[in-house]
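Here the structure comes first, spelled out in structure tokens, and everything after it is commentary.
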Amino acid sequence: MAMTVPTRELMLKAFETGTVIPAFNIPYLPMMEPVVRALRDSRTFALIQVARLEWEKFGAGGLRPVRDEYEKVKDERFTRLHLDHVPVLDEDGLRVDFEPIIAEALRLGYESVMVDGSRLALEGNIAATARVVEMAHSSGAAVEAELGAVLGHEAGPLPPYDQLFASGGGFTSPDEARRFVEETGLDWLSVAIGNVHGAISGAARRQKKVAARLNIERLDCIRRATSAPLVLHGGTGVQKVCLLEAFSHGIAKINIATAIRQPYEAARADSVEKAQQKVYETVVLLVSDELEIAGSAQTLCQ
Ligand code: 13P
């Protein structure tokens, strides 16, 4: 049987060729099958991912249920499994014992992992990320880490978006990014350049997201400072013109959660099958019309 190409190599190829690998979050297990089917039908390569908050606050169940569901439906021509946000300090400000979670994911066969120390000061973020790099690289897995403030998961309202964007408050600093990448040995860097996460708490989780913009100049500076594949969190609802520009300026992975979770939640009162159909249709539309990458497996995986 042919060896599967490691996620790290596919990300480098996306980075070098100016294309993007979407990473779809799975907060409810029945969402997995229609996502994979949509990728297969559109011949598009993507990551399937779960974040800690999706088994703590939604219905993902845990690392093992997600891995087991993935094993049932995966298609390695088009998919790999990734562990999204394992925070060191979570969205409620609580300390997380992140090492056992990462260790379990590596044992279960997650091919890449994210540690999120972005709520810590730089030194603490470096220390946590370097520890995860040590753990993951010895298993052959790649590591994503975040620098800067990608807001939205915390309870309570965001500051007005235009104000946030204009001030550049919390944006990733290129100088810090250089140091962060050099001192941790991470593989992919998640950046804050105007992107915000979809809300997850209370009634806000059903609201439409703001149409975020991206500061491409800042992205360029970060890219020049680090030379690492860059990741855009908060991928739902970003203005399309910004997205397409970002993919040719270093963004090699885009995380998408809210765009597929909301239609699933809205339709599941009718039936799970209807909700799955909504997820399928949304993914097909996203990869073809929004991201313009339908068929990407052809160039990425050959
Ligand atoms: P959205 O919910 O805005 O798509 O963000 C997803 C994300 O960044 C998950 O890590």
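Indexing begins at 1, ligand by ligand and atom by atom, following the structure's order.
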Kindly write out the residues that satisfy salt bridge (charged side-chain N to carboxylate O under 4.0 Å, His left out) with R178, not counting sequence neighbours, or none if the list is empty. D175
Can you pull out every side-chain hydrogen bond (donor to acceptor under 3.5 Å, both in side chains) where at least one residue sits in residues 271-288? Sequence neighbours excluded, please. D41-Y280, Q277-E281
Examine the proximity of ligand 1 to V150 and report which part, side chain or backbone, both or neither, has a heavy atom under 4.0 Å away. neither
Could you tell me whether E71 atom CD has more than 12 heavy atoms of other residues or ligands within 6.0 Å of it? yes
For ligand 1, find out whether one of its N or O atoms is nearer than 3.5 Å to an N or O atom of N25. no
Provide the number and element of each atom of ligand 1 under 4.0 Å from a heavy atom of I256. 4 (O)
Mode of D84 contact toward ligand 1 - side chain, backbone, both, neither (heavy atoms, under 4.0 Å): side chain
Short list, please: which atoms of ligand 1 are under 4.0 Å from a heavy atom of H233? 8 (O), 10 (O)
Starting from atom 2 (O) of ligand 1, what is the nearest protein heavy atom, named by residue and atom, and what distance separates them? T258 OG1, 2.5 Å
Closer than 4.0 angstrom: is that true for some heavy atom of K209 and an atom of ligand 1? yes
Under a 4.0 angstrom heavy-atom cut-off, which atoms of ligand 1 come close to H85? 10 (O)
Sub-3.5 Å N/O-N/O distance, A259 and ligand 1: no
